[in-house]
Amino acid sequence: DQGIFMYTNEARAIDQYWYDVDEQVFPPGFNHSALAILWADGGAYATWFSGAPEAIHGITFLPITGGSLYLGRDPAYVLTNYLDMVAHNGGPEDQWQDIIWSHLALADPALTVAKFAANPEYTPEDGESRAHTYHWIHNLNALGQVDTTVTADIPTYAVFDHDGQRTYVAYNAGEGTAAVHFSDGMLLGVGPRNLVAEPAPDCSGAVGFSRFADFVTCMQGPEEDAPGACRCARLDGDDDADLADFALLQGLYVGGAG
């Protein structure tokens, strides 16, 4: 609980005081979308070691890890931040490319994949590697943007949206299997010390015998035995696979929908 509290408050503070995402903090006339030095009585578009816009913007992104996904909660701002960097740089990034690309990938991963491919000999920033940057931007290109409309009952989760297709991710640090419930009804069964990524089940198909089997599995439990199937079986809109769902499923099948 303490970790969640600290992470959440720091992420919100970064949004407001480093990025001013709601445009309520920076004073009039401050012609920047971000700052890199923050004092109790003000801030500066600067760093202690470089005046390069890539460094000024990029220092607030470091380090790039799974914990960096909070930077992608507002893809529109990610683009604003990038375009501001380009404007003050007088052109696209020519240093700290991997850091800039990793942040930009949270809004436009396809563009960063193209940038990476066009600049294979770029110099990785200290502590980074080409392999890590490649892994990050290509995964985001496949998964899509961070989806903040869905939450889960475990802190180590993420949801991504790629053109309307959601992917659900959860990590279980415990020693037993965890049933991770997402706020839209999705359920993931995650083994001990394991990371699971699963797309949303396709519930648009015919209601046939396989769906009956899925439903029976849900009824018999435990739920994590068939997480995707359970989501499809909940036809009446609540979070339980129960007799009301069975009646609806049976009616659809007998009525010819399957």
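Every heavy atom of this structure was used, including side-chain atoms; hydrogens, water molecules and symmetry mates were not.
Inter-residue side-chain proximity for Arg166 and Val150 is flagged as met; some heavy-atom pair is nearer than 4.5 Å. Using a 4.5 Å heavy-atom threshold, the side chains of Ile99 and Ile59 count as separate. At a threshold of 4.5 Å between non-hydrogen side-chain atoms, the residues Thr112 and His103 do not count as touching. The side-chain heavy atoms of Leu187 and Tyr168, taken from C-beta on, include no pair separated by under 4.5 Å. Within the 4.5 Å cutoff, the side chain of Leu106 has heavy atoms near those of the Leu140 side chain. Between Leu188 and Glu198, the closest side-chain pair of non-hydrogen atoms falls below 4.5 Å. Side chains of Val196 and Val169 form no contact here, defined as non-hydrogen atoms less than 4.5 Å apart. Leu69 places a side-chain heavy atom less than 4.5 Å from the side chain of Phe160.
Here the closest non-hydrogen pair linking Gln145 and Pro75 is OE1-CG, 3.4 Å. The two residues Ala118 and Pro120 make their nearest non-hydrogen contact at C-CD, 3.4 Å. Pairing each heavy atom of Arg73 with each of Ala11, the nearest pair is NH1-CB, 3.7 Å. When all heavy atoms of Ala44 and Leu35 are compared, the closest pair comes out as O-CB, 3.4 Å. Of all the heavy atoms in Ile37 and Ala46, the pair that sits closest is CG1-O, 3.3 Å.
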Exercise for the section: Show your reasoning for whether side chain to side chain contact (heavy atoms under 4.5 Å, CB included) applies to His138 and Val113. Expected result: CA-CA 7 Å; His138 278 270; Val113 167; 3.7 Å; yes
Problem - Gln97 and Lys115: CA distance, side-chain angles, deciding distance, side chain to side chain contact (heavy atoms under 4.5 Å, CB included) verdict - result: CA-CA 9 Å; Gln97 291 100 324; Lys115 284 176 172 287; over 6 Å; no
Practice task
Show your working on side chain to side chain contact (heavy atoms under 4.5 Å, CB included) between Trp101 and Glu93 and close with a plain yes or no.
Solution key: CA-CA 9 Å; Trp101 296 341; Glu93 58 283 359; 2.8 Å; yes
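Here NE2 of His32 is found 12.0 Å from CG of Asn81. Values are rounded to the nearest 0.5 Å. Distance check: Thr133 OG1 to Ile100 CD1 gives 11.5 Å after rounding to the nearest 0.5 Å. For the atom pair NE2 (His135) and CD1 (Ile137), the distance works out to 11.5 Å, reported to the nearest 0.5 Å. In this structure, CH2 in Trp96 is found 10.0 Å from CD1 in Ile56, a value given to the nearest 0.5 Å. In this structure, CD in Gln95 is found 8.5 Å from CD in Glu125, a value given to the nearest 0.5 Å. Asp94 contributes atom CG, which lies 10.5 Å from atom CG of Asn119 (distance to the nearest 0.5 angstrom).
Cluster annotation: Val180 and Leu143 are assigned to distinct hydrophobic clusters (Ile/Leu/Val/Met/Phe/Trp/Tyr, side-chain heavy-atom contacts under 4.5 Å, transitive). One hydrophobic cluster, built from ILVMFWY side chains closer than 4.5 Å, holds both Leu83 and Phe30. Hydrophobic clustering (side-chain heavy atoms under 4.5 Å, transitive across Ile, Leu, Val, Met, Phe, Trp, Tyr) keeps Leu195 apart from Met186. Residues Ile64 and Phe116 fall within the same hydrophobic cluster, defined by Ile, Leu, Val, Met, Phe, Trp and Tyr side chains chained together at heavy-atom separations under 4.5 Å. Put simply, Tyr7 and Tyr157 are part of two different groups of oily side chains (I, L, V, M, F, W, Y) that touch within less than 4.5 Å, one to the next.
Relative to the six-membered ring of Tyr122, Arg130 meets both conditions, a distance below 6.0 Å and an angle of at most 45° to the axis.
Not a single side-chain contact (heavy atoms from CB on, under 4.5 Å) links Ala142 to another residue, sequence neighbours left out. Applying the salt bridge (Lys or Arg N to Asp or Glu O under 4.0 Å) rule to Glu175 yields the partners Arg193; only residues at least two apart in sequence or on another chain are considered. Remark: Val86 engages Tyr82 in a side-chain contact (heavy atoms from CB on, under 4.5 Å) (not counting sequence neighbours).
Through chains of ILVMFWY side-chain contacts below 4.5 Å, Phe5 is grouped with Met6.
Distance alone, capped at 3.5 Å, places no donor-acceptor pair between the Asn194 side chain and the Val190 backbone. Formation of a donor-acceptor pair under 3.5 Å by the Ser183 side chain with backbone atoms of Thr151 is found in this model. Between the side chain of Asn172 and the main chain of Gly191, a donor-acceptor pair closer than 3.5 Å is present.
Residue Tyr134 places its OH atom among 12 or fewer non-hydrogen atoms of other residues, nucleotides or ligands, all under 6.0 Å distant. Counting non-hydrogen atoms of neighbouring residues, nucleotides and ligands closer than 6.0 angstrom, the CD atom of Glu10 reaches no more than 12 such neighbours. No more than 12 heavy atoms of other residues, nucleotides or ligands lie within 6.0 Å of OH in Tyr17, so this atom counts as exposed by the packing criterion.
Identified under the side-chain hydrogen bond (donor to acceptor under 3.5 Å, both in side chains) test for residues 59-69, with sequence neighbours left out: Tyr19-Thr60. Among residue pairs with one or both ends in residues 33-56, those qualifying as side-chain hydrogen bond (donor to acceptor under 3.5 Å, both in side chains) are Ser33-Asp84, Tyr45-His57, Glu54-Asn89; sequence neighbours excluded.
The aromatic rings of His132 and Trp136 sit tilted relative to each other, their planes meeting at an angle between 30° and 60°.
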